There are 2 protein chains.
Amino acid sequence: MSISAIELTPVQTVACCSPLLRQPLSVDQAERVASLLKALAEPVRLRLLSLVASHADGEACVCDLAEAFDLAQPTISHHLKVLHEIGLLDRSKRGVWVYYKVRREALSDLGALIGGAPQ
Amino acid sequence: MSISAIELTPVQTVACCSPLLRQPLSVDQAERVASLLKALAEPVRLRLLSLVASHADGEACVCDLAEAFDLAQPTISHHLKVLHEIGLLDRSKRGVWVYYKVRREALSDLGALIGGAPQ
DNA sequence: CATCTATATTGACACGCATCAATGTCTGGG
DNA sequence: CCCAGACATTGATGCGTGTCAATATAGATG
């Protein structure tokens, strides 16, 4: 159902935008950026991101992550799915385990979009 | 109820944090960062920010801003209040008009927190 | 095939929040 | 003093979403 063979994550579709303050955002741009930020703007997901990043090899399986929270396993899976779908987490299945890894480039693109070009 | 006489905006209370990925966020840190991002993660507020920034002198009054949206005036006031309260917009009243101005430093702090230190 | 474990999906519920109409507050002018 | 205009506050409503229990899927092992 994707438009082309090239798969673009939501992050990539806005990473090209001017920094927030350079010119008025269009309605479409604002909605795309907002949905990205909404995905980040959740305490559990923020902790998941930083936990994954701090893990050995920058990777962590769901079982490692779920231990750190007082939440049901489906809830953790849900949050990981959200982060994966917007392109902030890579997902790789090895055996029975699923490993997630932070896409640092995506996060820094988003940071630059908000804070202005890092240059 | 603040800890000291120095008034810190929500942005300033997290701006000192390590970048998101350097070490696992505490529960408290995650909640503070999340509430900041929630304030940003709204299409109307994103457009308001970029509109104010693009306005002459980097300032705009509510009447200028309200014109750009198909929303009731109280809704715009509500969004401006949210952005002001987290420290992303400065507020100054002159006569009957209220002018808002982007605190660029606050935004760039937030961007750095997400995207890693701009260095 | 049967079973166990790791992870994902589904459906339901409760809570937060964007929005509006109505009303309040403040300032300037006649 | 009263009116008009700019902006804020309040209260109500509908929708989005974080959470869980229950269930499904999929890989490993015997």
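In the text below, chain A, chain B and the rest are named by the order of the sequence lines, each starting its count at 1. Values in this document were obtained by computation on a predicted structure and should not be read as measured data.
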Separation of A:Glu42 CD from A:Leu48 CG (nearest 0.5 Å):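 So the CG of A:Leu48 and the CD of A:Glu42 are separated by 8.5 Å.
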Measuring from atom CZ of B:Arg104 to atom CG of B:Leu88, what distance do you get when rounded to the nearest 0.5 angstrom?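 These two atoms lie 12.5 Å from each other.
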Report yes or no: does A:Ser54 contribute a side-chain atom to a donor-acceptor pair with the main-chain N or O of A:Ser50 at less than 3.5 Å? yes
Roughly, in whole Å, what's the span from CH2 in A:Trp97 to P in C:dT5?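 In whole Å, C:dT5 P and A:Trp97 CH2 are 12 Å from each other.
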State, yes or no, whether a side-chain contact exists between [X] and [Y] at a heavy-atom distance under 4.5 Å.
X: A:His55; Y: A:Asp64; result: yes
X: B:Leu51; Y: B:Phe69; result: yes
X: A:Arg32; Y: A:Leu36; result: no
X: A:Leu40; Y: A:Leu107; result: yes
X: A:Arg47; Y: B:Val27; result: yes
X: B:Ile114; Y: B:Leu37; result: yes
X: B:Leu113; Y: B:Leu110; result: yes

Under 4.5 Å between side-chain heavy atoms, hopping through other hydrophobics if needed: is there a path connecting B:Leu83 to B:Tyr99? no
Going hydrophobic residue to hydrophobic residue with side-chain gaps under 4.5 angstrom, can you get from A:Leu65 over to B:Leu20? yes
Specify the residues of residues 58-69 of chain B, ordered by number, for which at least one heavy atom lies under 4.0 angstrom from an atom of DNA chain D. B:Cys61, B:Val62, B:Cys63
Using a heavy-atom cut-off of under 4.0 Å over every strand shown, decide if B:Tyr100 touches base, sugar-phosphate, or nothing.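 Sugar-phosphate, backbone atoms only, no base.
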When you list every nucleotide of DNA chain D with an atom under 4.0 Å from a heavy atom of chain A, which one comes first 5' to 3', and which comes last?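 Contacts span D:dG18 to D:dA28, reading 5' to 3'.
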Find the bend of the helix from C:dC1-D:dG30 to C:dG30-D:dC1 as the angle between its two terminal axes (five pairs each), to the nearest 10°. 20°
Contact letters for nucleotides 15-20 of chain C, in which S counts primed atoms plus P, OP1 and OP2 and B counts the base, heavy atoms under 4.0 Å: ---SBB
What string of B, S and - do you get for nucleotides 24-30 of chain C, 5' to 3', when a contact is any protein heavy atom under 4.0 Å? --SSS--
Would you tell me whether A:Ser35 and A:Glu31 have side-chain atoms, one donor and one acceptor, within less than 3.5 Å of each other? no
We want to know whether A:Arg91 and A:His84 form a side-chain donor-acceptor pair, criterion being a heavy-atom distance below 3.5 angstrom.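 Absent: no donor and acceptor within the cut-off.
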For A:Glu59, salt bridge (Lys or Arg N to Asp or Glu O under 4.0 Å) partners two or more places apart: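 With sequence neighbours excluded, A:Glu59 shows a salt bridge (Lys or Arg N to Asp or Glu O under 4.0 Å) to A:Arg94, given in chain and number order.
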Below 4.0 angstrom from OP1 or OP2 of C:dT7, is there any side-chain N or O of A:Lys81?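 The answer is no; no side-chain N or O of A:Lys81 sits under 4.0 Å from OP1 or OP2.
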